[in-house]
Amino acid sequence: MSDAPTGNEKSAPRNFIQQIIDADRAAGKNGGRVHTRFPPEPNGYLHIGHAKSICLNFGLAKEYGGKFNLRFDDTNPAKEEQEYVDSIVDDVNWLIAGFGETEGFRVQGSENSSPAPRTPNAEPSLLNPEPFFASDYFDQLYAWATQLIKGGKAYVCDLTAEQMREYRGTLTAPGKDSPNRNRTIAENLELFAQMRDGKFADGSRTLRAKIDMASPNVNMRDPVLYRIKRAHHHRTGDKWCIYPSYDYTHGQSDSIEGITHSICTLEFENHRPLYDWFCRELGIHHPQQIEFARLNLTYAVMSKRKLLQLVQEKHVAGWDDPRMLTIRGLRRRGYTPEAMRAFCERIGVAKFNSTIDMAWLEDAIREDLNERAPRGMGVLRPLKVVLANLKEGETIELDAPNHPQQPEMGSRKIPLTREIFIEQEDFMEDAPKKFFRLKPAGEVRLRCAGIIKCDEVVKDAAGKVTELRCTFDPDHSRKVKGTIHWVSAPLALTAEVRLYDHLFGVENPDNAPEGKTFLDNLNPNSLEVVTDAKLEPSLKDASAGTSFQFERSGYFFVDPLDSKPGRPVFNRTATLRDSWTKESGRD
RNA sequence: UACCCCGUAGUGUAAUGGUAACACUAGGGAUUUUGAUUCCCUCAUUCUAGGUUCGAAUCCUAGCGGGGUAGCCA
């Protein structure tokens with residue numbers, strides 16, 4: 001069943017792409033079909049900007065009861081690797097699970113497992129489970145190039161890269177024709193075949209479209225269709241020494257797959273006339289290219305080059321560092337695909353070049369995890385408290401709900417003992433009026449336990465508070481202003497907890513002063529490792545890859561890589577909203 | 001300096017010729033055994049100037065501002 005709008009219900013806001021598709025369907029274009037795709041180059045890991053594109057394309061296909069392809073635009077063997085193909089498939093599958101998709105795409109074998117020939121558009125379901133590869137179309141692309149040559153629309157050019165740059169002209173000055181522009185069709189055919197057969201050196205010749213060297217759009221000044229490049233391709237191996245360019249490959253790949261709406265980012269706007277030119281000259285199915293603004297976020301950088309630099313120069317631990325806005329990083333941070341989808345829907349899609357506030361991302365994961373994460377208690381910076389009226393060695397079993405708003409999530413036992421830990425910041429000796437936590441002679445509620453009164457403050461020689469002596473009152477009925485979390489000292493689980501903050505300390509890291517780079521804007525406090533956090537004992541069995549809310553603290557994810565059975569390691573996904581820190585920060 | 005695209009609360013996105021809506025942030029308040037959650041309230045001369053129209057965020061013109069484009073990268 002499709003979620004396509006019926007027109008009866010009050011229509012939700014439609015973005016400009018949905019409006020285009022609505023109009024196309026109303027006009028009967030493509031027989032009402034909607035077929036989108038996500039076309040990454042396998043030369044790096046996916047990041048949150050790609051997530052926006054995936055959610056958009058996949059969401060559209062799902063909404064309209066259409067189809068969605070994953071296709072690798074692998075036309076530059078020098079940069080592409082199988083490792084990236086595998087990680088991209090994995091990340092895409094993870095993401096579309098947020099749409100309720102359980103099947104996903106199959107991980108592809110490398111070049112050794114020669115794929116069976118197939119018809120790209122044959123699968124009846126929402127997604128074609130085998131990812132597509134532009135490299136699978138190399139033979140067809142070659143044939144089409146020959147066709148263009150025969151039609152006098154393409155020629156072999158002998159200009160070097162530098163010469164070609166000179167001939168291209170500038171943004172304001174027209175280019176001039178290549179001396180080879182008027183070769184005969186027969187000669188072009190022969191030379192192109194020789195290019196393919198490895199008769200020429202790398203870079204010595206190209207196949208170019210014959211369009212218009214004086215076009216105000218530089219992309220139309222006889223763009224390169226094929227270049228000679230002897231490189232091992234991750235799929236086609238050494239079969240080819242000429243490779244098609246992006247412009248020559250992308251639209252035709254869309255066409256072969258029966259794509260109806262080819263959605264890409266704004267920088268390809270100037271390429272659209274070329275996209276259209278190829279489909280028209282070749283007389284093939286003509287998808288519509290639509291451009292939207294890529295995602296920008298505050299406190300983040302998004303370019304592949306910069307992300308790569310962060311990894312290579314070890315400013316982060318790797319592509320999956322939880323501070324990275326790569327899909328892998330977000331996954332390890334504890335983000336859920338549902339939250340990612342909600343985020344992508346909320347930010348919308350338009351042509352305006354915008355920057356989304358990072359708070360929106362945090363809000364999306366909080367909203368999701370608030371619903372589903374079971375609660376627990378964890379003390380990050382422990383302060384010992386002795387409950388003087390409790391017996392030594394006595395353990396009181398208390399019942400704690402796993403979710404205050406959802407009783408169906410059940411409850412767990414937490415032990416109370418004479419010695420407990422509370423958070424250092426939950427005690428203040430000289431507390432301001434609005435400080436609702438523990439202070440000398442003051443009272444505070446221990447979550448799910450009872451009320452304690454602070455009788456004595458113990459300090460070391462340096463005057464640092466080392467211990468509190470309190471009286472415990474199990475009576476729950478009294479009203480006290482503050483409630484704090486706590487953990488049994490002797491029974492606590494000591495665990496490593498990693499506290500993450502924005503990777504960059506400023507809203508726009510790229511806005512670096514003269515002589516500085518975005519790296520100078522790194523936040524030195526983006527990672528704090530707490531090696532001896534004290535957690536309630538039930539967390540000992542927390543399974544890897546699950547999320548918890550440590551009450552009053554934040555959402556934490558059991559790290560899938562570093563956790564061992566019985567020894568979980570927690571990554572903080574997000575803090576809870578905290579109006580006290582704001583309040584106390586004021587003068 | 002050429003061409004293309006874009007300008008609506010602090011940030012985003014709606015309203016598609018009928019008098020600016022929703023979300024996040026921020027600031028107030030209520031509830032609360034998480035200072036969480038939840039719930040209320042507050043925050044805009046739609047970049048500017050002309051024009052078309054009974055009526056313009058929407059259409060036209062000019063200006064201003066922002067972004068993109070000169071790889072044999074994608």
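Note that the coordinates shown come from a computational prediction; the quantities given were computed from them, not determined experimentally. So you know, we letter chains A, B, ... as the sequences are listed, proteins then strands, and number each from 1. For the numbers below, each heavy atom of this structure counts, side chains included, while hydrogens, waters and symmetry mates do not.
Listed nucleotides B/C72, B/U69, B/A74 differ in distance to A/Val218; the shortest reach to its side chain belongs to B/U69. Listed nucleotides: B/A23, B/A70, B/C5. Nearest to the side chain of A/Glu269: B/C5. Proximity note for A/Asn270 (side chain, C-beta onward) versus B/C24, B/A36, B/G68: the nearest is B/G68. With B/C5, B/U8, B/U11 as the candidates, the nucleotide lying closest to the side chain of A/Lys351 is B/C5. With distances taken from any side-chain atom of A/Ile356 to the nucleotides B/G12, B/A14, B/U16, the minimum falls on B/G12.
Between the side chains of A/Ser262 and A/Asp254, a donor-acceptor pair is found at a separation under 3.5 Å. A donor-acceptor pair shorter than 3.5 Å cannot be found between the side chains of A/Glu362 and A/Tyr555.
Looking at A/Gln405, its side chain comes within 3.5 Å of the base of B/A36 through a donor and an acceptor atom.
Residue A/Thr483 is in sugar-phosphate contact alone, with no base atom involved, counting any heavy-atom pair closer than 4.0 Å across all strands shown.
By the criterion of a centre-to-centre distance under 5.5 Å and near-parallel planes under 30°, the ring of A/Tyr246 forms no stack with the base of B/A74. In this structure, the aromatic ring of A/Phe436 is positioned over the six-membered ring of the base of B/G35, centres within 5.5 Å and planes within 30°.
Where A/Pro244 and A/Val480 meet RNA chain B, the nucleotide closest to each residue was compared, and A/Val480 sits on the side nearer the 5' end.
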